[in-house]
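Written below as structure tokens is the structure these notes are about.
For the numbers below, each heavy atom of this structure counts, side chains included, while hydrogens, waters and symmetry mates do not. Chain identifiers are assigned alphabetically (A, B, ...) following the order of the sequence lines, protein sequences preceding nucleic acid strands; residue numbering begins at 1 within each chain.
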Amino acid sequence: MKIATFNVNGITSRLPRVLEWLEESKPDVACLQELKTSDATFPELAFKAAGYGAVWHGQKGFNGVAVLTRGEAPPVEIRRGLPGDPDDTHSRYLEAQVGDLVVASIYLPNGNPQPGPKFDYKLAWFERLIQHAAELCGRNGPVVLAGDYNVVPTNEVVDIYSAKSWMHDALLQPETRAAWRRLLDQGWTDSILKLHPGEAMYTYWDYFRNRWERNSGLRIDHLLLNASAAAALESAGIDREVRGREKPSDHAPAWVVLNA
DNA sequence: ATGTCGGCAAAATGCCGA
């Protein structure tokens, strides 16, 4: 079973790229982020025609997450939004059941500029994720937390081409990394890192400054596996070529294959 | 501070979020 995550940066303008990628990569489950469209305008029928059922949590203009599944059975929604803050209006978390698998599509706040209220919101949202993830981690069956975490875990080459111009960015701050570490320490496996240590496994290249052409990338899209899913991990990768196409997202899809 | 996008409010650009 192939499970992928893709920050599409606007599903309305990105739809041709996303459909093309689904056709090529054929994930069984696809978690999308940054739909930037409302629930009413999500392109459900286009995905259905491509062979994918969907659940989605949209928002006009920004944010928005979805889970797609290939074939007959659509995903079954478990929850939308994280517990812990009834005043949080952002569409950033969608959890679904796909057969025996529990999967979450996550769009963690960017947090820039830092310091400031947006960074505070990022850290607070992260705490709510950590709280909720603790229950999921101990589940007997497989769980995959997939999405754009807006975290560059380390300054190593696997995570970033160079930290120099990103030192003050919210994605690299010690508080951000400490939260990431606490999440992983619950028992999650960072699947891309596990199978590709030491390689440059970037998933995001800024539109600015020819960052794609220079391969000046960051690893910020992650697929975390609980023990049951980690025991089934067969392979993992990045569909880099998607970033090099016409009118691309600034992210490339990342994926894992679990046996059975 | 800069650069490039997507989407919005509004009717062309200027703003926000990234």
State which of [options] makes the closest approach to the side chain of [X].
X: A:Phe208; options: B:dG3, B:dC5, B:dA9; answer: B:dG3
X: A:Lys118; options: B:dG7, B:dG6, B:dA18; answer: B:dA18
X: A:Glu34; options: B:dA18, B:dG7, B:dA9; answer: B:dA18

Please classify the nucleic acid contact of [X] as base, sugar-phosphate, or nothing, using heavy-atom distances under 4.0 Å.
X: A:Arg214; value: nothing
X: A:Thr37; value: nothing
X: A:Tyr204; value: nothing

> For the rings on A:His132 and A:Tyr93, is their centre-to-centre separation under 6.0 Å?
Replying inline: yes

For the [atom1] atoms, the ones on [N] and on [M], what distance do you get once it is rounded to whole angstrom?
N: B:dA11; M: B:dG6; atom1: P; value: 23 Å
N: B:dC16; M: B:dA10; atom1: P; value: 14 Å
N: B:dT13; M: B:dA1; atom1: C1'; value: 22 Å
N: B:dA12; M: B:dG17; atom1: P; value: 25 Å
N: B:dA18; M: B:dG3; atom1: C1'; value: 13 Å

> Where each residue is assigned the nucleotide of DNA chain B containing its nearest heavy atom, which of A:Tyr207 and A:Asp148 is assigned the position nearer the 5′ end?
Replying inline: A:Tyr207

> Between A:Pro109 and A:Lys247, which has a closest nucleotide on DNA chain B that is more 5'?
Replying inline: A:Lys247

What is the distance, to the nearest angstrom, from the [atom1] atom on [X] to the [atom2] atom on [N]?
X: A:Asp206; N: B:dC5; atom1: CG; atom2: P; answer: 10 Å
X: A:Arg17; N: B:dG6; atom1: CZ; atom2: P; answer: 11 Å
X: A:Ile11; N: B:dC5; atom1: CD1; atom2: P; answer: 19 Å
X: A:Phe42; N: B:dG7; atom1: CZ; atom2: P; answer: 14 Å
X: A:Asn110; N: B:dT4; atom1: CG; atom2: P; answer: 19 Å
X: A:Leu108; N: B:dG17; atom1: CG; atom2: P; answer: 17 Å
X: A:Lys60; N: B:dC8; atom1: NZ; atom2: P; answer: 6 Å
X: A:Asn63; N: B:dA18; atom1: CG; atom2: P; answer: 7 Å

[N], OP1 or OP2 - any side-chain N/O from [X] closer than 4.0 Å?
X: A:Ser13; N: B:dG7; value: yes
X: A:Lys36; N: B:dG17; value: no
X: A:Arg209; N: B:dT2; value: no

>> Between A:Arg92 and A:Asp148, does any NZ, NE, NH1 or NH2 come within less than 4.0 Å of an OD or OE carboxylate oxygen?
In response: no

> Is A:Arg177 paired with A:Asp159 through a side-chain N to carboxylate O contact shorter than 4.0 Å?
Replying inline: no

> Can you hop from A:Leu195 to A:Leu193 via hydrophobic side chains spaced under 4.5 Å?
Replying inline: yes

>> When you measure from the side chain of A:Ser105 to the backbone of A:Leu32, do you find a donor-acceptor pair of N or O atoms at a distance under 3.5 Å?
In response: yes

> Can a donor-acceptor pair be found between the side chains of A:Asn7 and A:Arg14 at a distance below 3.5 Å?
Replying inline: no

